[in-house]
Amino acid sequence: MKCCILEEPGRLVVAERPDPTPGPRDVVVRVRAALTCGTDLKAFRRGHPKMPCPTPFGHEFAGEIVAAGHEVERFRVGQAVMSANTGPCGACFYCERDQENLCETIMDAMILGAYAEYVRIPERVLRVNVFEKPAELPFEQAALLEPLSSVCFGIAGVPAPVMRKDATALVIGAGPIALLWLVALRASGTVRTIVAGRRPARLAVARAFGADVTLGEHDDVAAAVRRETEGRGADLVVECTGLPEVWSAAPAYARRGGHVVLFGGCRPGTTVALDTYRFHYDGVTLASPFHFRPRDVARAHGLLRRPDVDWSRFITSRAPLEETPAVFARLEDGNDVKCAIIPGFPGSNVSPTPPGA
Ligand SMILES: [Zn+2]
Ligand SMILES: [Zn+2]
(Lines give C-alpha, C1' and ligand atoms only; values in the text may rest on other atoms or scores of the structure.)
(Ligands and ions follow the chains in the order given, each with its own letter.)
Protein backbone atom coordinates (compact mmCIF):
# COMPACT_ATOMS: atom_id res chain seq x y z
CA MET A 1 0.00 0.00 0.00
CA LYS A 2 0.92 3.63 -0.23
CA CYS A 3 1.43 5.55 3.01
CA CYS A 4 3.01 8.75 4.25
CA ILE A 5 6.13 8.63 6.35
CA LEU A 6 7.56 11.59 8.24
CA GLU A 7 11.26 10.83 7.71
CA GLU A 8 12.34 13.84 9.77
CA PRO A 9 10.82 17.24 10.53
CA GLY A 10 10.18 18.98 7.23
CA ARG A 11 10.55 15.82 5.14
CA LEU A 12 7.37 13.90 4.41
CA VAL A 13 7.39 11.18 1.74
CA VAL A 14 4.85 8.82 0.20
CA ALA A 15 6.25 5.29 0.42
CA GLU A 16 5.23 1.73 -0.43
CA ARG A 17 4.73 -0.47 2.62
CA PRO A 18 3.28 -3.97 3.10
CA ASP A 19 -0.49 -3.97 3.59
CA PRO A 20 -1.31 -4.20 7.31
CA THR A 21 -2.79 -7.49 8.54
CA PRO A 22 -5.01 -7.77 11.62
CA GLY A 23 -4.08 -9.72 14.74
CA PRO A 24 -6.82 -12.01 16.14
CA ARG A 25 -8.63 -9.07 17.82
CA ASP A 26 -7.74 -6.24 15.42
CA VAL A 27 -9.28 -4.92 12.26
CA VAL A 28 -7.80 -3.32 9.16
CA VAL A 29 -9.60 -0.32 7.74
CA ARG A 30 -9.47 1.07 4.25
CA VAL A 31 -9.00 4.78 4.92
CA ARG A 32 -11.72 6.80 3.22
CA ALA A 33 -10.65 10.13 4.69
CA ALA A 34 -7.86 11.34 7.00
CA LEU A 35 -7.69 14.90 8.30
CA THR A 36 -4.76 17.20 8.75
CA CYS A 37 -4.36 18.46 12.28
CA GLY A 38 -2.35 20.99 14.24
CA THR A 39 -0.47 18.21 16.03
CA ASP A 40 0.66 16.82 12.68
CA LEU A 41 1.67 20.27 11.51
CA LYS A 42 3.72 20.75 14.69
CA ALA A 43 5.39 17.37 14.15
CA PHE A 44 6.07 18.27 10.53
CA ARG A 45 7.63 21.60 11.50
CA ARG A 46 9.71 20.68 14.52
CA GLY A 47 9.19 17.01 15.47
CA HIS A 48 6.97 15.70 18.27
CA PRO A 49 7.89 13.93 21.53
CA LYS A 50 5.14 11.31 20.96
CA MET A 51 6.17 10.59 17.35
CA PRO A 52 9.86 9.76 16.99
CA CYS A 53 10.99 9.89 13.33
CA PRO A 54 10.83 8.16 10.97
CA THR A 55 7.15 7.59 11.69
CA PRO A 56 3.97 6.73 9.83
CA PHE A 57 1.89 9.89 9.86
CA GLY A 58 -1.72 10.92 10.41
CA HIS A 59 -4.15 9.95 13.20
CA GLU A 60 -7.61 11.36 12.38
CA PHE A 61 -9.49 9.05 10.06
CA ALA A 62 -12.59 7.10 9.16
CA GLY A 63 -13.00 4.21 6.76
CA GLU A 64 -14.36 0.76 6.05
CA ILE A 65 -13.30 -2.49 7.66
CA VAL A 66 -11.68 -4.71 5.02
CA ALA A 67 -10.24 -7.41 7.29
CA ALA A 68 -11.04 -8.55 10.82
CA GLY A 69 -9.26 -10.96 13.17
CA HIS A 70 -11.13 -14.18 13.94
CA GLU A 71 -11.84 -13.12 17.54
CA VAL A 72 -13.43 -9.77 16.61
CA GLU A 73 -17.11 -9.87 17.56
CA ARG A 74 -18.52 -6.34 17.63
CA PHE A 75 -17.43 -5.37 14.12
CA ARG A 76 -17.50 -6.99 10.71
CA VAL A 77 -15.92 -6.62 7.29
CA GLY A 78 -17.68 -4.02 5.19
CA GLN A 79 -18.72 -1.86 8.15
CA ALA A 80 -17.98 1.88 8.03
CA VAL A 81 -16.30 3.02 11.23
CA MET A 82 -14.92 6.08 12.97
CA SER A 83 -12.12 5.71 15.47
CA ALA A 84 -10.04 7.53 18.04
CA ASN A 85 -6.29 6.97 17.79
CA THR A 86 -5.70 5.35 21.19
CA GLY A 87 -7.35 3.09 23.72
CA PRO A 88 -6.54 2.87 27.46
CA CYS A 89 -5.41 -0.42 29.02
CA GLY A 90 -8.25 -0.36 31.57
CA ALA A 91 -6.08 -1.84 34.34
CA CYS A 92 -3.24 0.50 35.32
CA PHE A 93 -3.07 2.93 38.26
CA TYR A 94 -4.62 5.75 36.21
CA CYS A 95 -7.26 3.70 34.44
CA GLU A 96 -8.44 2.41 37.82
CA ARG A 97 -8.99 6.01 38.88
CA ASP A 98 -10.97 6.99 35.78
CA GLN A 99 -7.99 9.00 34.49
CA GLU A 100 -7.68 6.94 31.32
CA ASN A 101 -6.25 9.91 29.43
CA LEU A 102 -3.12 9.37 31.53
CA CYS A 103 -3.03 5.56 31.09
CA GLU A 104 0.55 4.40 31.49
CA THR A 105 0.59 2.71 28.12
CA ILE A 106 -1.93 4.76 26.16
CA MET A 107 0.61 5.91 23.60
CA ASP A 108 2.01 2.40 23.09
CA ALA A 109 -0.89 1.31 20.92
CA MET A 110 -1.40 4.69 19.28
CA ILE A 111 -2.61 4.54 15.71
CA LEU A 112 -0.23 6.43 13.46
CA GLY A 113 -0.29 6.19 9.70
CA ALA A 114 -3.77 7.36 8.76
CA TYR A 115 -2.40 9.09 5.65
CA ALA A 116 -2.37 5.71 3.98
CA GLU A 117 -4.58 3.40 1.98
CA TYR A 118 -5.02 1.09 4.98
CA VAL A 119 -4.54 1.31 8.69
CA ARG A 120 -4.74 -1.29 11.44
CA ILE A 121 -6.94 -0.63 14.47
CA PRO A 122 -5.48 -2.61 17.38
CA GLU A 123 -7.67 -4.43 19.86
CA ARG A 124 -7.17 -1.85 22.62
CA VAL A 125 -8.62 0.92 20.50
CA LEU A 126 -11.29 -1.28 18.96
CA ARG A 127 -12.55 -2.34 22.38
CA VAL A 128 -13.61 1.12 23.57
CA ASN A 129 -12.97 3.92 21.08
CA VAL A 130 -14.40 2.77 17.73
CA PHE A 131 -17.98 3.41 16.59
CA GLU A 132 -20.01 2.49 13.59
CA LYS A 133 -20.22 5.50 11.30
CA PRO A 134 -23.77 6.73 10.79
CA ALA A 135 -24.65 6.48 7.10
CA GLU A 136 -25.58 10.16 6.90
CA LEU A 137 -22.23 11.36 8.28
CA PRO A 138 -19.59 11.65 5.54
CA PHE A 139 -16.26 9.93 6.21
CA GLU A 140 -14.34 13.20 6.29
CA GLN A 141 -16.63 14.56 9.02
CA ALA A 142 -16.57 11.28 10.94
CA ALA A 143 -12.79 11.69 11.06
CA LEU A 144 -13.31 14.64 13.45
CA LEU A 145 -13.95 12.11 16.23
CA GLU A 146 -10.42 12.20 17.65
CA PRO A 147 -9.87 15.97 17.98
CA LEU A 148 -13.45 16.48 19.15
CA SER A 149 -12.89 13.84 21.86
CA SER A 150 -10.05 15.88 23.34
CA VAL A 151 -12.26 18.99 23.33
CA CYS A 152 -15.04 17.02 25.05
CA PHE A 153 -12.55 16.03 27.75
CA GLY A 154 -11.68 19.70 28.19
CA ILE A 155 -15.33 20.68 28.49
CA ALA A 156 -15.99 17.90 31.01
CA GLY A 157 -13.45 19.58 33.32
CA VAL A 158 -15.08 23.01 33.33
CA PRO A 159 -16.61 23.63 36.79
CA ALA A 160 -20.40 23.82 36.99
CA PRO A 161 -20.58 27.48 38.16
CA VAL A 162 -18.84 28.41 34.90
CA MET A 163 -20.51 25.98 32.51
CA ARG A 164 -23.89 27.72 32.57
CA LYS A 165 -26.30 28.68 29.83
CA ASP A 166 -25.58 32.36 30.46
CA ALA A 167 -21.79 31.97 30.28
CA THR A 168 -19.56 34.02 28.02
CA ALA A 169 -16.58 32.10 26.70
CA LEU A 170 -13.47 33.58 25.13
CA VAL A 171 -11.67 31.22 22.75
CA ILE A 172 -8.14 32.35 21.94
CA GLY A 173 -7.03 31.04 18.56
CA ALA A 174 -9.08 30.27 15.46
CA GLY A 175 -7.43 27.07 14.26
CA PRO A 176 -9.24 23.72 13.98
CA ILE A 177 -9.14 23.01 17.73
CA ALA A 178 -10.37 26.49 18.64
CA LEU A 179 -13.25 26.08 16.19
CA LEU A 180 -14.10 22.67 17.67
CA TRP A 181 -14.23 24.30 21.10
CA LEU A 182 -16.51 26.97 19.73
CA VAL A 183 -18.89 24.41 18.25
CA ALA A 184 -18.82 22.11 21.28
CA LEU A 185 -19.41 25.01 23.70
CA ARG A 186 -22.35 26.24 21.69
CA ALA A 187 -23.73 22.70 21.50
CA SER A 188 -23.35 22.50 25.30
CA GLY A 189 -25.49 25.59 25.69
CA THR A 190 -22.94 28.36 26.24
CA VAL A 191 -24.77 31.42 25.01
CA ARG A 192 -22.08 33.91 24.16
CA THR A 193 -18.78 33.16 22.47
CA ILE A 194 -15.91 35.45 21.57
CA VAL A 195 -13.17 34.15 19.27
CA ALA A 196 -9.82 35.93 19.01
CA GLY A 197 -7.61 34.86 16.12
CA ARG A 198 -5.26 36.07 13.44
CA ARG A 199 -6.45 34.58 10.14
CA PRO A 200 -9.44 36.40 8.65
CA ALA A 201 -10.51 33.26 6.73
CA ARG A 202 -10.75 31.26 9.95
CA LEU A 203 -12.52 34.05 11.82
CA ALA A 204 -15.09 33.98 9.03
CA VAL A 205 -15.59 30.25 9.74
CA ALA A 206 -15.97 31.10 13.44
CA ARG A 207 -18.74 33.57 12.59
CA ALA A 208 -20.40 30.96 10.38
CA PHE A 209 -20.37 28.62 13.38
CA GLY A 210 -22.17 31.25 15.41
CA ALA A 211 -19.41 33.12 17.27
CA ASP A 212 -21.02 36.29 18.62
CA VAL A 213 -17.84 38.36 18.44
CA THR A 214 -14.66 37.74 16.49
CA LEU A 215 -11.49 39.70 17.18
CA GLY A 216 -8.54 40.04 14.83
CA GLU A 217 -4.86 40.64 15.31
CA HIS A 218 -5.20 44.37 15.93
CA ASP A 219 -8.20 44.28 18.25
CA ASP A 220 -7.91 44.91 21.98
CA VAL A 221 -9.03 41.56 23.40
CA ALA A 222 -9.17 42.71 27.03
CA ALA A 223 -11.31 45.72 26.19
CA ALA A 224 -13.66 43.67 24.02
CA VAL A 225 -14.11 41.04 26.74
CA ARG A 226 -14.89 43.71 29.33
CA ARG A 227 -17.39 45.31 26.97
CA GLU A 228 -19.16 41.96 26.40
CA THR A 229 -19.28 41.00 30.09
CA GLU A 230 -20.30 44.21 31.93
CA GLY A 231 -16.67 44.62 32.90
CA ARG A 232 -16.37 41.27 34.72
CA GLY A 233 -14.28 39.24 32.31
CA ALA A 234 -15.13 35.96 30.59
CA ASP A 235 -16.61 33.07 32.58
CA LEU A 236 -14.43 30.70 30.58
CA VAL A 237 -11.18 31.37 28.72
CA VAL A 238 -9.91 28.66 26.37
CA GLU A 239 -6.38 29.02 25.07
CA CYS A 240 -5.81 27.12 21.81
CA THR A 241 -2.49 28.43 20.49
CA GLY A 242 0.23 26.49 22.30
CA LEU A 243 2.25 29.69 22.76
CA PRO A 244 3.71 30.34 26.26
CA GLU A 245 3.06 34.08 25.99
CA VAL A 246 -0.62 33.37 25.35
CA TRP A 247 -0.74 30.95 28.29
CA SER A 248 0.59 33.75 30.50
CA ALA A 249 -1.87 36.29 29.14
CA ALA A 250 -5.00 34.09 29.24
CA PRO A 251 -5.91 34.39 32.98
CA ALA A 252 -6.24 38.18 32.67
CA TYR A 253 -9.36 37.75 30.51
CA ALA A 254 -11.24 35.62 33.06
CA ARG A 255 -13.77 36.95 35.56
CA ARG A 256 -13.33 36.39 39.30
CA GLY A 257 -14.16 32.74 39.89
CA GLY A 258 -13.79 32.04 36.19
CA HIS A 259 -12.02 29.12 34.61
CA VAL A 260 -9.05 29.05 32.25
CA VAL A 261 -8.29 26.10 29.99
CA LEU A 262 -4.75 26.07 28.62
CA PHE A 263 -5.37 23.65 25.78
CA GLY A 264 -2.58 24.19 23.27
CA GLY A 265 0.49 22.09 24.12
CA CYS A 266 3.62 24.25 24.15
CA ARG A 267 7.08 23.27 23.02
CA PRO A 268 8.72 20.95 25.61
CA GLY A 269 10.90 22.79 28.12
CA THR A 270 8.97 26.06 27.98
CA THR A 271 7.87 27.82 31.16
CA VAL A 272 5.33 30.55 31.86
CA ALA A 273 4.86 33.27 34.48
CA LEU A 274 1.39 33.66 35.97
CA ASP A 275 -0.16 36.49 37.98
CA THR A 276 -0.70 34.71 41.33
CA TYR A 277 -3.31 37.22 42.49
CA ARG A 278 -5.79 36.00 39.90
CA PHE A 279 -5.70 32.43 41.22
CA HIS A 280 -5.60 33.11 44.93
CA TYR A 281 -7.62 36.27 45.54
CA ASP A 282 -9.79 36.17 42.42
CA GLY A 283 -10.51 32.45 42.59
CA VAL A 284 -9.70 31.80 38.95
CA THR A 285 -9.17 28.09 38.32
CA LEU A 286 -6.87 26.59 35.76
CA ALA A 287 -6.74 23.33 33.84
CA SER A 288 -4.59 22.05 31.02
CA PRO A 289 -6.29 18.87 29.81
CA PHE A 290 -4.60 16.56 27.34
CA HIS A 291 -6.05 13.68 25.34
CA PHE A 292 -9.35 12.00 26.35
CA ARG A 293 -11.11 9.14 28.07
CA PRO A 294 -13.55 6.69 26.46
CA ARG A 295 -16.53 8.63 27.85
CA ASP A 296 -15.27 11.73 26.01
CA VAL A 297 -15.04 9.79 22.76
CA ALA A 298 -18.61 8.63 23.27
CA ARG A 299 -19.69 12.22 23.86
CA ALA A 300 -17.87 13.37 20.70
CA HIS A 301 -19.57 10.61 18.75
CA GLY A 302 -22.93 11.91 19.98
CA LEU A 303 -22.06 15.50 19.05
CA LEU A 304 -21.07 14.50 15.52
CA ARG A 305 -24.55 13.09 15.04
CA ARG A 306 -26.24 16.37 15.85
CA PRO A 307 -28.08 17.61 12.79
CA ASP A 308 -27.91 21.25 13.93
CA VAL A 309 -24.13 21.49 13.44
CA ASP A 310 -22.70 21.86 9.96
CA TRP A 311 -19.51 19.85 10.44
CA SER A 312 -18.69 20.17 6.75
CA ARG A 313 -17.27 23.65 7.44
CA PHE A 314 -14.23 22.06 9.06
CA ILE A 315 -13.09 20.53 5.80
CA THR A 316 -11.88 23.34 3.59
CA SER A 317 -9.95 21.32 1.01
CA ARG A 318 -9.37 17.77 -0.22
CA ALA A 319 -6.34 16.10 -1.75
CA PRO A 320 -5.26 12.65 -2.87
CA LEU A 321 -2.84 10.70 -0.68
CA GLU A 322 0.04 11.32 -3.08
CA GLU A 323 -0.24 15.06 -2.49
CA THR A 324 0.05 14.91 1.31
CA PRO A 325 3.61 16.36 1.33
CA ALA A 326 2.45 19.31 -0.78
CA VAL A 327 -0.57 19.77 1.48
CA PHE A 328 1.67 20.08 4.54
CA ALA A 329 3.91 22.58 2.80
CA ARG A 330 0.77 24.59 2.02
CA LEU A 331 -0.78 24.31 5.52
CA GLU A 332 1.92 26.67 6.74
CA ASP A 333 0.00 29.57 5.23
CA GLY A 334 -2.93 28.86 7.59
CA ASN A 335 -5.83 29.36 5.20
CA ASP A 336 -7.24 25.86 5.58
CA VAL A 337 -9.13 24.68 8.61
CA LYS A 338 -8.61 21.02 7.77
CA CYS A 339 -7.65 19.30 4.54
CA ALA A 340 -9.13 15.84 3.96
CA ILE A 341 -6.58 13.42 2.54
CA ILE A 342 -8.61 10.98 0.47
CA PRO A 343 -6.85 7.94 -1.02
CA GLY A 344 -7.94 7.60 -4.64
CA PHE A 345 -9.32 11.14 -4.72
CA PRO A 346 -9.79 12.38 -8.31
CA GLY A 347 -6.55 13.93 -9.44
CA SER A 348 -4.62 11.01 -8.12
CA ASN A 349 -3.51 8.61 -10.83
CA VAL A 350 -3.29 5.71 -8.39
CA SER A 351 -6.34 3.79 -7.25
CA PRO A 352 -6.24 1.80 -4.03
CA THR A 353 -5.72 -1.96 -4.20
CA PRO A 354 -7.48 -4.13 -1.62
CA PRO A 355 -5.14 -5.88 0.85
CA GLY A 356 -4.09 -9.28 -0.39
CA ALA A 357 -5.13 -8.52 -3.98
ZN1 LIG B 1 -5.21 15.50 15.71
ZN1 LIG C 1 -4.17 2.16 31.73
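Counting starts at 1 for both ligands and their atoms, in listed order. As the structure is a prediction and not an experimental result, all values here were calculated from the model.
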A.B. asks: Out of curiosity, L102 CG to C92 SG, how far, rounded to the nearest 0.5 Å?
C.D. replies: 8.5 Å

A.B. asks: Is E60 close enough to the Zn ion (ligand 1) to have an N, O or S atom under 2.8 Å?
C.D. replies: yes

A.B. asks: Tell me whether R97 forms a cation-pi arrangement with F93, defined as NZ or CZ under 6.0 Å from the six-membered ring centre and within 45 degrees of its axis.
C.D. replies: yes

A.B. asks: Angle at the Zn ion (ligand 2), SG of C89 to SG of C92, rounded to 10 degrees, please.
C.D. replies: 110°

A.B. asks: Provide the atom name of the closest N, O or S atom of H59 relative to the Zn ion (ligand 1).
C.D. replies: NE2

A.B. asks: Between E117 and K2 (salt bridge meaning N to carboxylate O under 4.0 Å), is one present in this structure?
C.D. replies: no

A.B. asks: For D235, which of K165, R255, R164 qualifies under salt bridge (Lys or Arg N to Asp or Glu O under 4.0 Å)?
C.D. replies: R255

